[in-house]
Amino acid sequence: MTVQRPRGTRDFLPEETEKRGRAKLAMQDVLECWGYQEVATPTFEHLELFTIKSGASVVEEIYSFTDKGGRALALRPELTAPVMRMYVSEMQNSSKPQRLWYYGNCFRYERPQRGRFREFWQMGAELIGAAKPDSEAEAIALADQMLKSVGVSGDIHVGYLGLIRSILGRIEAEHRPSVMRMIDKKERNALAALLDEIGQSHLGLIELIDLKGQPALDKAAEIVQELKGKPEETSASGAVLAGEPAAAGAAVGRGSARQGRAVGAELRLDEFQETVDLLNAYGVKFTIDFEIVRGLEYYSGTVFEIYAEGLGAQRQICGGGTYELASLFGGKETSSTGFGLGFDRIMEIVQMEGARTSPVFLAFTPDVKLQAARIAGMLRKSVPLVMDVMGRSLGAQLKAAAGAGAQFVVIVGKDELDAGMLTLRDMVGGGQESLALAEIEARLKTHFQGK
RNA sequence: GCCGGGAUAGGGUAGUGGUUAUCCUGAGGGACUGUGGAUCCCUCGAGCUGGGUUCGAAUCCCGGUCCCGGCCCCA
């Protein structure tokens, strides 16, 4: 038996690779239309880059290793952190905002299943240095456009952490991580029980996350009115909306992933309302959904996720929001909005017409091989072209061209050379003509234009 | 980490303990020495891996690897 692929990795044959390339290009066109510039970062980074911002369960899934110099390194499990590291170390003095996009393979040590691999590709954008409704709406509209460009439609759910964290401010700090996790996990019964237990069921949290769309926004406004009328639970102003202060080494339990390092989020429902209005102006169809909290502490404002049908259990194809990561990596505080698209999942449901075109085949008789090679060289300046390398007879060459789906074959033989002409055969129509090289070149060039 | 289903030529498959492992497709060559996809002929090519049971294993049992679906998790 031959050597197998490592678990969770894939080979992409020509057809699939071509399809992926076209989908990437379509989404790339959208990004560039919106003025985003491509960046690239290393495939591996210092392990620390990813452990700083992540909880224990996430860290377990990182492909990490020690290099020959004893450094703790990791294959990148995602691309936002590397891009922000790059920004902090090399782009902090650049003009704002920075519109960046990226595409690259990432690695996670997970159990493979449909839509989940150990090597997978992410495509995404970061709008750095701005976190106002304007940039949030831009990011979501951009993601929407990218998906549309490859014929994918998804349900966009938009939430607002400013509100959720403010509500959490009314709850004793020790309970905040649990509450957050239960919202994220949709553990509604456990959440209700906990809120009852700590006497906070009056906050309206469950009603809020159960509502979707405009009613949710109305409920949010109602809650904000109530919140403004009451003092907050604790007075440590910096941490009040942020969950617990960082407990170094506290670790243990899944809850720990969501403790500490939380970013304070102002309660500005008016801003969220503006994001909503802008999204409507952009013509984006979405659902307001305060249940979207995206687990991580560094998200601060609007957050969103996009789900698609036809993907089995792994339905989420996009996630993003406004976050504060630059300061976490030692830079100045810089709010940004970004998102990542799960390229592999999108590839499972892309709707694009196939556009594979076979190269032109140059068929020749063995006695004129040298002249044929020269002609091939000239034609290749204008069109993709292949010539036989199997020592086949002319008939077999035509057979091979037909089998490969070639539309045109240029035939070179002694008769053609004597006449100073070449034969251009249309394999689909069946006809052929005797033409000068320049004429053939012109016709083929026209045929391949726009392909 | 957990549960279930799988793995036979390049691709798709048949075969439930016993000759030379079935069929389709594919690839290469030829019939056809300058004109293609048909047809015919020839050729190439396989039981994931390691152990066990057995006179004998693709077939039964165990471990591993990988694949598919789901759980957990999901930056």
Side-chain angles (χ1 to χ4, degrees), chain A residues 1-11 13 15 45 49-62 74 76-84 106-118 120 122 124 181 184-185 254 257-258 261 294-299 303 305 307 311-321 323 325 328 338-340 342 345 358 361 363-368 372 388 390-418 422-432 434:
Chain A
M1 184 54 193
T2 51
V3 178
Q4 292 182 313
R5 246 181 291 135
R7 185 170 170 79
T9 62
R10 290 158 296 161
D11 294 313
L13 274 50
E15 193 181 349
E45 297 267 2
L49 175 65
F50 304 110
T51 55
I52 283 176
K53 68 179 187 71
S54 305
S57 65
V58 161
V59 172
E60 276 174 22
E61 294 184 346
I62 293 177
R76 58 187 181 196
E78 50 107 20
L79 285 163
T80 298
V83 168
M84 291 312 293
C106 300
F107 307 83
R108 294 182 193 176
Y109 193 85
E110 292 188 286
R111 170 91 191 193
Q113 56 181 292
R114 181 166 185 192
R116 174 179 289 182
F117 306 95
R118 289 184 173 181
F120 60 96
Q122 271 195 353
R181 190 183 70 245
D184 195 22
K185 300 305 162 208
R254 3 169 108 166
R258 298 188 159 77
R261 299 195 184 92
R294 295 205 51 77
L296 295 169
E297 299 303 331
Y298 56 80
Y299 281 104
V303 287
E305 297 183 347
Y307 311 95
L311 283 173
Q314 310 301 323
R315 297 178 53 236
Q316 192 185 326
I317 54 174
C318 178
Y323 59 85
L325 264 181
L328 204 54
F339 61 86
R345 292 179 190 175
S358 165
F361 273 63
F364 58 94
T365 53
D367 53 322
V368 298
D388 180 58
M390 301 288 286
R392 286 172 168 143
S393 66
L394 185 63
Q397 288 180 46
L398 283 168
K399 193 171 181 175
Q407 178 163 7
F408 292 106
V409 174
V410 175
I411 298 170
V412 184
K414 195 150 188 321
D415 297 348
E416 281 80 5
L417 294 176
D418 288 346
L422 299 175
T423 301
L424 177 64
R425 183 168 180 80
D426 181 343
M427 300 295 277
V428 177
Q432 63 184 43
S434 187

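Chain letters run A, B, ... following the sequence lines, proteins first and then strands; every chain starts at 1.
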NA contact type, A:A313, heavy-atom cut-off 4.0 Å: base, sugar-phosphate, or nothing? sugar-phosphate

Answer with base, sugar-phosphate or nothing: what part of the nucleic acid does A:E305 contact at a heavy-atom distance below 4.0 Å? nothing

Can you find a side chain N or O atom of A:K185 that sits less than 4.0 Å from OP1 or OP2 on B:C74? yes

Tell me what A:E110 touches on the nucleic acid: a base, only sugar-phosphate, or nothing, going by heavy atoms under 4.0 Å. base

Do A:Q122 and A:E78 pair up side chain to side chain, a donor and an acceptor below 3.5 Å, judged on atom types alone? no

Both A:I62 and A:T9 contact RNA chain B. Which one's nearest nucleotide lies toward the 5' end? A:T9

Report the nucleotide, chosen from B:C71, B:G34, B:G36, that has the shortest atom-to-atom distance to any side-chain atom of A:M427. B:G36

Provide the distance between the two P atoms, one in B:U19 and one in B:U25, to the nearest whole Å. 27 Å

Mind checking if A:Q316 touches a base, just sugar-phosphate, or nothing, with heavy atoms under 4.0 Å? nothing

Quick one: the side chain of A:Q432 and the base of B:U35, do they pair up donor-acceptor inside 3.5 Å? yes

Give a yes or no answer on whether the side chain of A:R345 reaches the backbone of A:Q316 with a donor-acceptor pair at less than 3.5 Å. yes

Closest-nucleotide 5' rank along RNA chain B - winner of A:G429 and A:T80: A:G429

Check the phosphate of B:C74 against A:R108, side-chain N and O only, distance under 4.0 Å to OP1 or OP2. Yes or no? no

Do A:E305 and A:Y307 have side-chain atoms, one donor and one acceptor, less than 3.5 Å apart? yes

What pairs of nitrogen or oxygen atoms, one from the protein and one from nucleotides 41-47 of chain B, lie under 3.5 Å apart?
none

With distance as the sole criterion, do the side chain of A:R425 and the base of B:G36 form a donor-acceptor contact below 3.5 Å? yes

Does B:G47 fall in syn (glycosidic angle within 90° of 0) or anti? syn

Using distance alone, with no hydrogens and no angle criterion, decide if A:T423 and A:Q432 have a side-chain donor and acceptor under 3.5 Å apart. no

Is A:R392 near enough to B:G29 that one of its side-chain N or O atoms lies under 4.0 angstrom from OP1 or OP2? yes

B:U49 and B:C66, which share atom name C1', separated by this distance in whole Å: 10 Å

Give a yes or no on whether a donor-acceptor pair under 3.5 Å exists between the nucleobase atoms of B:C73, that is its base, and the side chain of A:R116. yes

Across the strands shown, which category fits A:E60 at heavy-atom distances under 4.0 angstrom: base, sugar-phosphate, nothing? nothing

Categorize A:G340 for me: base, sugar-phosphate, or nothing, with a 4.0 angstrom heavy-atom threshold over every strand shown. nothing

Across the strands shown, which category fits A:R5 at heavy-atom distances under 4.0 angstrom: base, sugar-phosphate, nothing? sugar-phosphate

Just N and O in the side chain of A:Q4: are any of them under 4.0 Å from OP1 or OP2 of B:U65? no

Distance, rounded to the nearest Å, where A:E416 contributes CD and B:U35 contributes C1': 10 Å

Looking for any heavy atom pair under 4.0 Å, which part of the strands does A:G319 touch: base, sugar-phosphate only, or nothing? nothing

A cation-pi test, strictly: NZ or CZ of A:R76 under 6.0 Å from the centre of the six-membered ring of A:F50 and no more than 45 degrees from its axis. Yes or no? no

